[in-house]
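Just below is one structure, and these are the notes that go with it.
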Amino acid sequence: MKYQAPKGVKEYLPPSSALFERVREALISPARMANYQLMELAIFEETEVFTRGVGESTDVVSKEMYTFTDRAERSLTLRPEGTAGVMRAVIESGLDRGALPVKIWYAGPFFRAERPQAGRYRQFYQVGIEAIGSEDPLLDVEVISIAAKGFAALGLTGFELVINSLGDSESRNAYRQALTEYLLTLSLDEATRQRVQLNPLRVLDDKRPEMIKALASAPSILDFLNDTSRAEFDVVQQGLADLGIKYTINPRLVRGLDYYTKTTFEFVHPLLGAQSGIGGGGRYDGLMESLGGQPLSGIGFGIGVDRVILACEAEGIELLQERELACFIVPLGAQFERQALKIASELRDQKLRVDLAFGGRALKGAMKAADKSGARYAFVLGERESQSQEVELKELASGAVQSIRLSDLPQFLIRSLGANS
RNA sequence: GUGGGCGUAGCUCAGCUGGUAGAGCAUCCGGUUGUGGUCCGGAAUGUCGCGGGUUCGAGCCCCGUCGCUCACCCCA
C-alpha cells in the first residue's frame with residue numbers, strides 16, 4: 001500500500017460514515033432549537049489569532065499547532081480549537097454591534113499535532129457553540145443544557161457533568177496568589193515548576209497520582225470567589241437543577257486554555273479510557289478584547305464528535321439504522337441499462353432511494369446485488385417489461401411478487417414505504 | 001517528546017522446535033429457459049510492512065527502519 005492518510009487522521013468511511021452524520025446532527029440540533037446560527041469558518045487563521053486568543057502558555061499553542069508559512073511569508077495555522085476563530089469572525093463582521101448575545105454554532109475539523117491515541121486524533125471533529133455579549137449566568141446554563149440535550153438525543157446515559165468556577169479576575173488573582181504560594185512549598189519537577197510560573201491554575205489539571213496526592217490539601221478556588229462570582233456560580237447551579245441536569249462540582253477543573261474565567265465545565269464519559277472528555281467549555285471574559293474587539297464576555301463549548309461516537313459504541317447504542325433502499329432495478333443485459341437508469345432517475349426525483357445493477361451483469365449476479373443492497377423491492381427490466389410497460393415487482397424479504405405498471409410504480413413505492421426513504 | 005503491544009490475501013486471523021504460505025468471511029463466475037437469500041462447484045488476490053544479517057534454507061531467529069495501536073503528557 002503506497003499511500004495512506006496522514007498519521008492520526010481519523011476518517012469516516014461507509015458504513016460508519018452514516019453514524020458520523022447522525023451523531024453530528026444530533027449534537028447540532030439542540031443548538032438550532034435554541035436560536036444559535038451557523039458560522040462556516042476559516043479552517044486556517046493567522047497564527048496570531050491563536051497565540052493571542054488561546055494563550056502562549058498553553059500546550060495547544062506551544063507545541064501542538066500545525067503552523068506553516070504561505071507564499072507571501074504569512075504565518076498561518078490550522079485551527080486547533082474553535083472559539084478564537086469565532087471571536088475573530090464576530091469582530092471582523094461587526095456582529096457584536098448588533099443584537100446581543102450573538103449565538104453561533106459551528107462544526108468541522110480541528111487540528112493538533114499530538115501523538116495520536118484512542119479518542120485523540122490530529123484531525124478531529126468538533127461541534128461547538130458560542131454565546132457572546134451577555135454576562136447572564138443563565139446563559140451558561142443554556143449552553144450546558146444544549147450539550148446535555150445532544151448527548152441525551154443519542155441515547156447516551158453514562159456521561160457525567162463536572163462544573164467549576166474560576167471566578168472573575170479579582171477572585172482569580174487572589175486565588176492564583178494563594179495557590180502559587182502553596183505550590184512553591186512542594187517539590188516539583190522542572191516542567192511543573194515552569195507551569196507554576198506561566199499559569200499556576202493549570203497545575204491543578206495534573207492527573208499524575210503523586211501530583212493529585214500532593215494537591216489534595218491545596219487551597220480551593222471556591223474559597224476565593226468574591227460575592228459577585230459566588231452569586232453567579234449559585235445561579236448556574238440553581239439553573240442546572242431547574243432543568244434537571246445532574247452535575248458535580250470539581251474545584252480543580254481548570255481546563256487547558258488560558259481564556260477561561262468564571263464557569264468552566266466538562267462532560268466526561270467513564271467508559272472511554274484515557275481520553276474521557278467528550279465535551280467541555282466555559283466562560284471567557286477577556287478573549288474578545290485580546291483579539292482587538294470590544295470587552296464582551298462570552299460562553300461556549302466544544303464537543304468532540306469522534307469521542308461521542310466512541311461513547312455511543314461503548315454504551316452499545318445502535319446508531320446505524322438501516323437506510324432502506326426503496327427499489328433495485330435489474331436490467332436484463334446491457335441494452336436495458338439505459339432504460340433502467342431513466343426509470344431510476346425518475347423515481348429518485350420522487351425522493352425514492354433507488355439503485356440498479358450496472359455493468360451488464362448476469363441476472364443471477366444482479367439479483368444478488370439487489371439482495372445485498374438491502375432494497376425493499378426489486379424488479380427485472382427486459383424485453384417483456386419494456387414492451388408491456390409492466391413489471392413483476394418483488395418484495396425481497398418475503399419473495400412476494402406482484403405485477404405493476406411502470407407508471408404506477410412511484411406512487412406504489414411512496415405509499416408502501418412512507419416518508420422514510 | 002517518552003514507553004508498551006502489534007504488522008501474513010480486501011477483512012478477521014492460523015502458521016508446530018527455522019524446510020519454501022493457509023482457513024473463514026467478502027468478491028467474481030457457474031450449477032443449461034428471465035428472478036436473490038441456503039447449498040454445491042470453480043476463479044482471482046500475497047515482494048509474509050521495508051532493509052540488512054545469521055543459515056544449505058527465514059513468515060518464524062538477530063539488528064535497523066517505517067507504520068499501526070495503547071498509555072504518559074495534554075485535550076475534544
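Side chains included, hydrogens not; waters and symmetry mates left out as well; all remaining heavy atoms used. Worth saying up front: this structure is predicted, and the values here are computed from it rather than measured. Naming: A, B, ... by sequence-line order, numbering from 1 per chain.
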Toward the 5' end of RNA chain B, by each residue's nearest nucleotide, R361(A) or L381(A): R361(A)
Phosphate OP1/OP2 of C68(B): any K7(A) side-chain N/O under 4.0 Å: yes
Of the listed nucleotides A26(B), C68(B), G34(B), the one nearest the side chain of Q4(A): C68(B)
Separation of G1(B) C1' from E64(A) CD (nearest whole Å): 12 Å
Separation of atom CZ in F379(A) from atom C1' in U35(B), rounded to whole Å: 13 Å
Who pairs with U55(B) - Watson-Crick or G-U, where each distance is under 3.5 Å: none
Sugar-phosphate, base or nothing in reach of G399(A), heavy atoms under 4.0 Å: base
Opposite nucleotide pairing with G7(B), Watson-Crick or G-U, both atom distances under 3.5 Å: C66(B)
Whether over 12 other heavy atoms sit under 6.0 Å from Y12(A) OH: yes
Sugar-phosphate, base or nothing in reach of A397(A), heavy atoms under 4.0 Å: base
ring centroid sep under 5.5 Å plus plane angle under 30, Y125(A) with A76(B): no
Rounded interatomic separation in angstrom, taking CG from D371(A) and C1' from U27(B): 15 Å
Sugar-phosphate only, base, or nothing, as touched by R384(A) at under 4.0 Å among non-hydrogen atoms: base
Spacing of the C1' atoms in C62(B) and C40(B) (rounded, Å): 49 Å
Under-4.0 Å side-chain N/O to phosphate OP1/OP2 contact, R120(A) with C73(B): no
Sugar-phosphate, base or nothing in reach of A370(A), heavy atoms under 4.0 Å: nothing
Side-chain N or O of R115(A) closer than 4.0 Å to phosphate OP1/OP2 of U69(B): no
Nearest heavy atoms of A147(A) and F267(A), plus distance in Å: CB-CE1, 3.5 Å
Complement of C39(B), any strand, by Watson-Crick or G-U distances under 3.5 angstrom: G31(B)
Touch class at under 4.0 angstrom, heavy-atom based, for Y121(A) against every strand present: base
Span that lies between the C1' atom of U27(B) and that of G67(B), in whole angstrom: 27 Å
Separation of the C1' atoms in U47(B) and G59(B), to the nearest angstrom: 13 Å
Polar side-chain contact E266(A)-A76(B) base: donor and acceptor under 3.5 Å: no
Value in whole Å for how far the P atom of A76(B) lies from CZ of F301(A): 13 Å
G15(B) to G24(B) separation - C1' atoms, rounded to the nearest Å: 15 Å
Pair F328(A) + F379(A): ring centers closer than 6.0 Å: no
Rounded interatomic separation in angstrom, taking CE from M367(A) and P from G30(B): 15 Å
Pairing partner of G22(B) (Watson-Crick or G-U wobble, both distances under 3.5 Å): C13(B)
Whole-Å distance separating the NZ atom of K394(A) from the C1' atom of G34(B): 11 Å
Sugar-phosphate, base or nothing in reach of L332(A), heavy atoms under 4.0 Å: base
U35(B) and A21(B), which share atom name C1', separated by this distance in whole Å: 40 Å
Atom C1', compared across G42(B) and G5(B): separation rounded to whole Å: 41 Å
Nearest-neighbour nucleotide for the F124(A) side chain, A76(B), A26(B), G36(B) considered: A76(B)
Rounded interatomic separation in angstrom, taking NZ from K368(A) and P from C25(B): 13 Å
Side-chain donor/acceptor of K364(A) to base of G34(B), under 3.5 Å: no
Salt bridge (charged side-chain N to carboxylate O under 4.0 Å, His left out) partner of K262(A), chosen from D136(A), D168(A), D285(A): D285(A)
Output field: ring centroids Y284(A)/Y260(A) closer than 6.0 Å: no
Residues S75(A) and E46(A): side-chain donor-acceptor under 3.5 angstrom: no
Base paired to A44(B) (Watson-Crick or G-U; both N/O distances under 3.5 angstrom): none
Ring centres under 6.0 angstrom apart (F412(A), Y377(A)): yes
Of G273(A) and D306(A), the one whose closest RNA chain B nucleotide lies more 5': G273(A)
Exercise: identify the closest heavy-atom pair between P251(A) and N164(A): O-ND2, 3.2 Å
Nearest-angstrom distance from the residue atom CZ of R255(A) to P of C73(B): 17 Å
Interatomic distance at C1', A14(B) relative to C74(B), whole Å: 40 Å
G1(B): pairing nucleotide in any strand, Watson-Crick or G-U under 3.5 angstrom: C72(B)
Ring centres under 6.0 angstrom apart (F110(A), Y125(A)): no
Distance, C1' atom - from A26(B) to C68(B), rounded to whole angstrom: 23 Å
Touch class at under 4.0 angstrom, heavy-atom based, for R122(A) against every strand present: nothing
Proximal nucleotide (of A71(B), G30(B), A76(B)) relative to the A362(A) side chain: G30(B)
Under 4.0 angstrom between Q117(A) side-chain N/O and C70(B) OP1 or OP2: no
